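The structure appears right after this line, and notes come after that.
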Amino acid sequence: MHQISKIKGFTDLIWPEVSKYTYMEDTARAVFSAYGYREIRVPVLEKTELFARSIGEETDIVQKEMFTFPDRKGRLLTLRPEATAGVARAYLDNTMYSREQTTKVFTFGPMFRYERPQKGRQRQFHQVNAELFGTHSPQADAELIAMLWRYLHQLGLTNLELHLNSLGCPQCRPEFSRRLQEFLATQPTQDLCPDCQRRQHTNPLRILDCKVPGCQKSAEQAPKIGDHLCAQCQVHFDSVQKVLQACSIPYVLNSRLVRGLDYYQRTTFEVISRDIGAQSAVAGGGRYDGLVQQLGGPACPGIGFACGMERLALLMDYPPESGPDFYLAVLDPTALDQGQILALGLREQRFQGEVSFEAKGPKSQLRLANKLKARFCLLLGAEELKNKTIVVKDMQSGDQRTWPQSDLPAALGFNS
RNA sequence: GUGGGUGUAGCUCAGGAGGUAGAGCACUUGGUUGUGGCCCAAGUGGUCGCGUGUUCAAGUCACGUCACCCACCCCA
């Protein structure tokens with residue numbers, strides 16, 4: 001019989017790797033709740049239309065990266081490729097906008113994109129996500145970015161770069177796109193890659209972050225969106241930067257930072273690591289003031305970010321190495337039951353440890369205790385069973401002595 | 001979707017120009033050591049990813065196929 005293997009791009013998270021994920025989640029809860037964010041959990045499966053309408057019909061994500069299939073009644077469903085659309089939908093479905101002026105939520109969980117797997121990229125991957133609805137204030141942009149920065153710092157990550165840009169708004173961006181197209185028209189067409197020759201007409205902003213050398217050269221000389229923001233966008237962007245500076249959050253302006261989801265406007269940002277291979281963006285986000293309305297809700301601004309947990313995991317040194325408090329080594333089969341009873345008592349006192357399920361000689365038992373990095377090895381043989389004692393050995397110093405079983409917790413060097 | 005790389009023991013990998021599978025680590029047992037760590041000895045463990053072909057003979061050559069990895073692309 002052949003084994004059934006996992007499907008491409010889907011991975012099992014096993015220990016110790018999985019402990020990084022619980023740590024990221026626990027840390028997110030701790031940090032985000034200090035900023036007033038509450039947890040939200042939304043479905044993994046949504047109507048395809050939700051993503052088509054929010055992320056953008058023409059984006060790569062919608063065009064070729066979604067897991068989409070009909071349900072038993074022929075309705076098109078899609079495994080979420082990102083979290084914001086679903087959270088925005090939930091915000092509307094639950095009329096959360098009517099409960100309070102601003103709503104702060106965070107979530108985490110699996111996302112799905114049909115891409116070729118590589119380092120830092122899986123078909124099922126995980127994100128930590130935060131969204132803030134209901135305010136236009138640039139202070140909110142800065143607070144959200146500061147929270148993200150704080151979170152990454154709390155995870156012990158350094159050597160990260162925060163890239164910042166403004167994409168303008170529906171007032172000023174069309175004008176900039178037109179100027180960009182005009183500029184591109186003056187460039188020799190063959191300098192652009194085939195993709196960009198198409199984008200030139202459909203989505204010219206995307207050319208700015210194309211990595212093909214010819215396109216980069218053109219992009220360098222191209223007009224910058226920062227020079228073409230409308231007055232309100234300029235004021236907004238300046239304010240965001242002012243707060244970030246005041247909070248001592250280091251960032252670099254990157255006029256070529258263009259996000260691949262259509263709903264972003266004004267502030268956008270990305271956190272980059274140079275230490276994890278080609279997929280270097282560990283977090284990204286921005287303002288999406290038009291999104292809620294686009295989904296059929298009231299005009300309601302919003303801003304949010306997502307962190308790629310797989311990519312953060314590549315940077316994390318976790319869990320710290322540590323062994324159990326004790327290993328209870330049973331030397332004689334007749335003592336197996338008593339071993340369990342004694343371990344139960346220790347565990348009730350919050351000591352952490354293992355009991356052997358089978359009796360073995362002292363030599364192999366001590367080898368095992370050593371391998372487990374247990375602090376104490378407790379040896380229980382036929383003689384100890386009879387005398388109601390147990391041998392306690394400190395694995396580090398090698399010291400050992402015989403203790404009454406009734407007083408075992410004290411033997412591990414703790415009082416109560 | 002497009003490139004490139006890799007698939008041999010539980011793990012990391014050797015196997016020059018085809019001749020019936022190797023090392024280190026790990027594991028088991030024993031010796032030594034004050035009952036563990038160091039050292040020594042023995043032992044368990046492999047349809048060489050899968051299939052077809054060439055050949056007297058294929059881990060080794062050819063073709064195909066699958067899987068994984070890295071990169072493009074895209075993004076977190």
Side-chain angles (χ1 to χ4, degrees), chain A residues 1-11 24 55-56 58-66 80-84 108-130 148 152 160 163 193-196 199 203 206 209-213 215 257-261 264 268-273 276-286 304-315 323 327 329 331 360-381 391-400 402:
Chain A
M1 276 299 260
H2 72 283
Q3 285 187 37
I4 300 171
S5 56
K6 70 185 180 63
I7 60 184
K8 189 197 278 288
F10 287 65
T11 47
M24 283 187 263
I55 298 170
E58 294 302 316
T59 59
D60 285 322
I61 295 178
V62 171
Q63 287 281 311
K64 49 192 193 195
E65 293 175 3
M66 296 204 304
R80 62 182 184 190
E82 56 109 40
T84 303
F108 29 66
M111 310 292 158
F112 306 85
R113 287 185 203 173
Y114 196 94
E115 298 180 277
R116 196 78 168 263
Q118 70 182 75
K119 188 174 185 183
R121 190 169 81 183
Q122 296 290 317
R123 289 184 175 180
Q124 176 178 345
F125 60 104
H126 300 79
Q127 289 186 336
V128 174
N129 215 263
L148 168 61
L152 297 172
L160 298 174
H163 288 213
C193 70
D195 281 337
C196 286
R199 288 171 183 146
N203 194 354
R206 301 285 301 147
D209 74 342
C210 184
K211 287 167 198 108
V212 177
C215 304
L257 174 58
V258 177
R259 321 249 47 244
L261 292 79
Y264 286 118
T268 57
F269 53 91
E270 234 171 59
V271 179
I272 308 289
S273 166
I276 55 172
Q279 305 302 316
S280 57
V282 298
F305 67 73
C307 298
M309 296 175 81
E310 277 72 12
R311 295 179 189 177
L312 294 178
L314 288 172
L315 292 165
Y327 173 67
L331 305 176
K360 285 183 182 175
K363 175 168 176 164
S364 52
Q365 289 288 30
L366 280 161
R367 283 190 70 185
L368 228 69
N370 188 52
K371 218 188 109 190
L372 287 170
K373 299 195 169 88
R375 295 201 306 119
F376 291 96
C377 184
L378 315 177
L379 297 142
L380 186 64
V391 174
V392 176
K393 174 162 182 148
D394 183 320
M395 292 300 287
Q396 205 161 24
S397 66
D399 295 344
Q400 69 178 59
T402 304

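First the proteins, then the strands, lettered A, B, ... as listed; each starts at 1. If you're wondering where the values come from, they're calculated on a predicted model, not measured in any experiment.
The side-chain heavy atoms of L148(A) and F269(A), taken from C-beta on, include a pair separated by under 4.5 Å. Side-chain contact between N129(A) and T84(A) is present, with at least one heavy-atom pair separated by less than 4.5 Å. Side-chain contact check for V258(A) versus T268(A): every heavy-atom pair is 4.5 Å or farther apart.
Base contact: K393(A) has a heavy atom under 4.0 Å from a base atom. Among the atoms of the strands shown, none is found under 4.0 Å from any heavy atom of M111(A). If you check every strand for non-hydrogen atoms under 4.0 Å, G120(A) touches a base. As judged by a 4.0 angstrom heavy-atom cut-off over every strand, Q279(A) is placed among the base-contacting residues. A369(A) comes within 4.0 angstrom of no nucleic acid atom, judged by non-hydrogen atoms across all strands. Contacts of G361(A) with the nucleic acid, taken as non-hydrogen atoms under 4.0 Å apart, are absent. L261(A) comes within contact range of the sugar-phosphate backbone alone, with a heavy-atom separation under 4.0 Å but no base atom that close. Using a 4.0 Å heavy-atom distance criterion, K6(A) is classed as a sugar-phosphate-only contact.
Side chain of R113(A) to backbone of I61(A): no donor-acceptor contact under 3.5 angstrom is found. Checked by atom type and distance alone, the side chain of E310(A) never pairs as donor or acceptor with a backbone atom of R121(A) at under 3.5 Å.
Nearest heavy-atom pair, S397(A) versus D394(A), reported as atom, atom and distance to 0.1 Å: N-OD1, 3.2 Å. Nearest approach of L331(A) to G381(A), heavy atoms of both residues: CB-CA, 3.9 Å. Listed here is the closest heavy atom pair of A281(A) and I272(A): CA-CD1, 4.2 Å. Taking each heavy atom of P110(A) and R80(A) in turn, the nearest pair found is O-NE, 2.8 Å. Smallest separation of non-hydrogen atoms from F112(A) and F125(A): N-CE2, 4.0 Å.
Using atom P as the reference point in both rG24(B) and rA67(B), the two lie 35 Å apart (nearest Å). For the C1' atoms, the distance from rA17(B) to rC75(B) is 48 Å, rounded to whole Å. Taking atom C1' in both rU52(B) and rC40(B), one finds a spacing of 49 Å when rounded to whole Å. For rC48(B) and rG10(B), the P atoms lie 13 Å apart once the distance is rounded to whole Å. rU60(B) and rA26(B): their C1' atoms are spaced 28 Å apart (whole Å). The P atoms of rA23(B) and rA41(B) are separated by 13 Å, rounded to the nearest whole Å. Using atom C1' as the reference point in both rA57(B) and rC61(B), the two lie 13 Å apart (nearest Å). A gap of 39 Å separates the C1' atoms of rG4(B) and rU44(B), to the nearest Å.
We find that CD of Q122(A) is positioned 10 Å from P of rC68(B), with the value rounded to whole Å. Protein atom NZ of K64(A) is 14 Å distant from nucleotide atom P of rC72(B), rounded to whole Å. R206(A) has its CZ atom 11 Å from the C1' atom of rC73(B), to the nearest Å. When the P atom of rC38(B) is taken as reference, atom CG of N370(A) falls 8 Å away, rounded to whole Å. Summarising the geometry, the separation between CD on Q365(A) and C1' on rU29(B) is reported as 15 Å, rounded to the nearest angstrom. The CZ-P distance, from R123(A) to rA76(B), rounds to 18 Å in whole Å. In this structure, R113(A) places its CZ atom 18 Å from P of rG1(B), rounding to the nearest Å. The NZ atom of K371(A) sits 17 Å away from the P atom of rG36(B) (whole-angstrom rounding).
In this model, no side-chain donor or acceptor of R121(A) finds a partner on the base of rC69(B) within 3.5 Å. With hydrogens and angles ignored, a donor-acceptor pair under 3.5 angstrom links the side chain of K363(A) to the base of rU32(B).
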Under a 4.0 Å heavy-atom criterion, the protein footprint on nucleotides 41-47 of chain B, written with B, S and -, is -------
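Of the candidate nucleotides rG36(B), rG1(B), rU29(B), rG1(B) has the atom lying nearest to any side-chain atom of R116(A). Here the nucleotide nearest the side chain of K119(A), chosen from rG36(B), rU29(B), rC70(B), is rC70(B). The side chain of R311(A) sits closest to rC75(B) out of rC68(B), rC69(B), rC75(B).
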A correct dot-bracket answer for RNA chain B, with pairs being Watson-Crick or G-U at under 3.5 Å, [ ] for crossing pairs and | for inter-strand pairs, is (((((((..((((.....[..)))).(((((.......))))).....(((((..]....))))))))))))....
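Looking at which nucleotide of RNA chain B each of P117(A) and Y114(A) is closest to, the 5′-most match is held by Y114(A). Of the two residues contacting RNA chain B, namely K360(A) and V258(A), the nearest-nucleotide position lying further toward the 5' end is that of K360(A).
Ion pairing of E270(A) with R259(A) is present here, as a side-chain N (NZ or NE/NH1/NH2) and a carboxylate O approach within less than 4.0 Å.
For the OP1/OP2 pair of rC70(B) and a distance below 4.0 Å, the side-chain nitrogens and oxygens of Q118(A) include no atom meeting the criterion. For R367(A), a side-chain nitrogen or oxygen approaches OP1 or OP2 of rC27(B) to under 4.0 Å.
With sequence neighbours excluded, no residue satisfies salt bridge (Lys or Arg N to Asp or Glu O under 4.0 Å) with R123(A).
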